[in-house]
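Everything on this sheet refers to the single structure shown next.
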Amino acid sequence: MTVLGPSVSEAASAELAGTVRHVLRLDADLSGFYEAAAGDPDLSWVTAGAGRMIQSPTVFEDVVKTVCTTNCAWSATKRMVDAIVGHLGEPAAGAVDGEPFGRAFPTAEAMAEAGESFYRDVARAGYRGAYFVSLARSVAEGEVDLESFARATPDELPDEELEDRLLALPGVGPYAAAHIMMTIGRYHRLILDSWTRPTYAKLAGRKSASDAAILRRFRRYGPYAGLAFWLFVTRDWVD
DNA sequence: CGTCCAGGTCTAC
DNA sequence: GGTAGACCTGGACGC
């Protein structure tokens, strides 16, 4: 789809508007979450309209990016994603190559065709390369339908089952599954990692906090526990 | 220059 | 079901 060229067709314009609505989660109804947060002094601020987690146009993109956050510094995450998009993504017509938004995130087909050498020698993704090849291949072949995960309602695909499906993906463990679930609007699981744990403890005024204690703190939010936890630890990103 | 580790996961007990 | 060890990479640190 051409979105940066001299003109934009009506169809492309409508498609783009839909993608923007999706990425910015404009149709999300968070009233249930706000209801619970209103009575929590530490989180009542969110009722002003916080909590619309940005998401990628596709679940595939969020899975790949999330795996790129595991077991490495944020700088490495950006380097890997930049390489994947820059070398495998389709250039947007009219865009100046190398500039932000100049390329779309690659399709599973493109990522599958790249092969392990690309991930090892160019993206320098280390052991994650095998995960990307395996993941991209199974998505490209239709063996795994990641996009259906975002479409399915909790009735059709309960959190437990969704989490199991995500955990079955190469490179996806408890942290990544929770992260991916958040991006597709399943807010129950808490994203517990080496950054959120100490950040929570610090903000809560404790030396440390066990996972069990953190889970207890946000239990009152039920299906929104993960969202409440995330906003608690990222509050200073908003203000 | 060696060690540690960062927004973890996998495998083998 | 729970827990050590290994695992790519590169930037930060101590020596």
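Naming convention: chains lettered A, B, ... in sequence-line order (proteins, then strands); numbering from 1 in each chain.
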Do the ring planes of [X] and [Y] sit parallel (below 30°), tilted (30 to 60°) or perpendicular (above 60°)?
| X | Y | answer |
| --- | --- | --- |
| A/Trp230 | A/Trp237 | perpendicular |
| A/Tyr221 | A/Phe33 | tilted |
| A/Tyr131 | A/Tyr127 | perpendicular |
| A/Phe229 | A/Phe218 | perpendicular |

*Between A/Tyr224 and A/His188, does the ring centroid distance fall short of 6.0 Å?*
no

_Residues in contact with DNA chain C, drawn from residues 120-129 of chain A - heavy-atom cutoff 4.0 Å_ = A/Arg124, A/Ala125, A/Gly126, A/Tyr127, A/Arg128

*asked:* Counting only heavy atoms and a strict 4.0 angstrom limit, can you tell me which residues of residues 51-63 of chain A come near DNA chain C?
replied: none

*Check against side-chain contact (heavy atoms from CB on, under 4.5 Å), A/Thr70 and A/Arg128*: CA-CA 9 Å; A/Thr70 58; A/Arg128 298 173 197 76; 3.9 Å; yes

_All salt bridge (charged side-chain N to carboxylate O under 4.0 Å, His left out) counterparts of A/Asp193, not counting sequence neighbours_ = none

In whole angstrom, give me the gap between the [atom1] atoms of [N] and [M].
| N | M | atom1 | result |
| --- | --- | --- | --- |
| B/dT9 | C/dG11 | C1' | 22 Å |
| C/dC7 | B/dG7 | P | 22 Å |
| C/dG10 | B/dC10 | C1' | 22 Å |

*Would A/Leu190 and A/Leu215 satisfy side-chain contact (heavy atoms from CB on, under 4.5 Å), going step by step from the backbone distance to the final call?*
CA-CA 8 Å; A/Leu190 276 63; A/Leu215 290 172; 3.8 Å; yes

Between [X] ([atom1]) and [N] ([atom2]), how many Å, whole number?
| X | N | atom1 | atom2 | result |
| --- | --- | --- | --- | --- |
| A/Met80 | B/dA6 | CE | C1' | 10 Å |
| A/Arg189 | B/dG7 | CZ | P | 24 Å |
| A/Asp82 | C/dG10 | CG | P | 14 Å |
| A/Asn71 | C/dC7 | CG | P | 13 Å |
| A/Phe232 | B/dG7 | CZ | C1' | 18 Å |
| A/Arg79 | B/dA6 | CZ | C1' | 12 Å |
| A/Ile191 | B/dT9 | CD1 | P | 11 Å |
| A/Ile84 | C/dC8 | CD1 | C1' | 14 Å |

_Comparing A/Tyr131 and A/Trp74 on DNA chain B - which has the more 5′ nearest nucleotide_ = A/Trp74

*asked:* Looking at every non-hydrogen atom in both residues, tell me the closest pair between A/Ala201 and A/Ala209 and how far apart they are.
replied: CB-N, 4.2 Å

*What is the minimum heavy-atom distance between A/Ile184 and A/Gln55, and which atoms define it?*
CA-OE1, 4.1 Å

_Can you tell whether the side chains of A/Asp145 and A/Arg151 come within less than 4.0 Å, N to carboxylate O?_
yes

_salt_bridge(A/Glu141, A/Arg137) N-O dist < 4.0 Å_ = no

_Short side-chain N/O contact from A/Thr70 to OP1 or OP2 of B/dA6, under 4.0 Å_ = no

*If you look at every strand shown and take non-hydrogen atoms under 4.0 Å, does A/Thr69 touch a base, only sugar-phosphate, or nothing?*
sugar-phosphate

*Got a minute to check which stems DNA chain C is part of, using Watson-Crick or G-U wobble pairs under 3.5 Å, three or more consecutive?*
B:1-6 with C:9-14, B:8-13 with C:2-7

_For A/Asp29, side chain to side chain donor-acceptor pair (under 3.5 Å) partners two or more places apart_ = A/Ser31

*Give the C-alpha distance, both sets of side-chain angles, the deciding distance and a yes or no for side-chain contact (heavy atoms from CB on, under 4.5 Å) between A/Trp74 and A/Thr69.*
CA-CA 7 Å; A/Trp74 188 248; A/Thr69 67; 3.9 Å; yes

_Short of 4.0 Å, heavy atom to strand atom, which residues of residues 161-187 of chain A count as contacting DNA chain B?_
A/Leu169, A/Pro170, A/Gly171, A/Val172, A/Gly173, A/Pro174, A/Tyr175, A/Ala176, A/His179

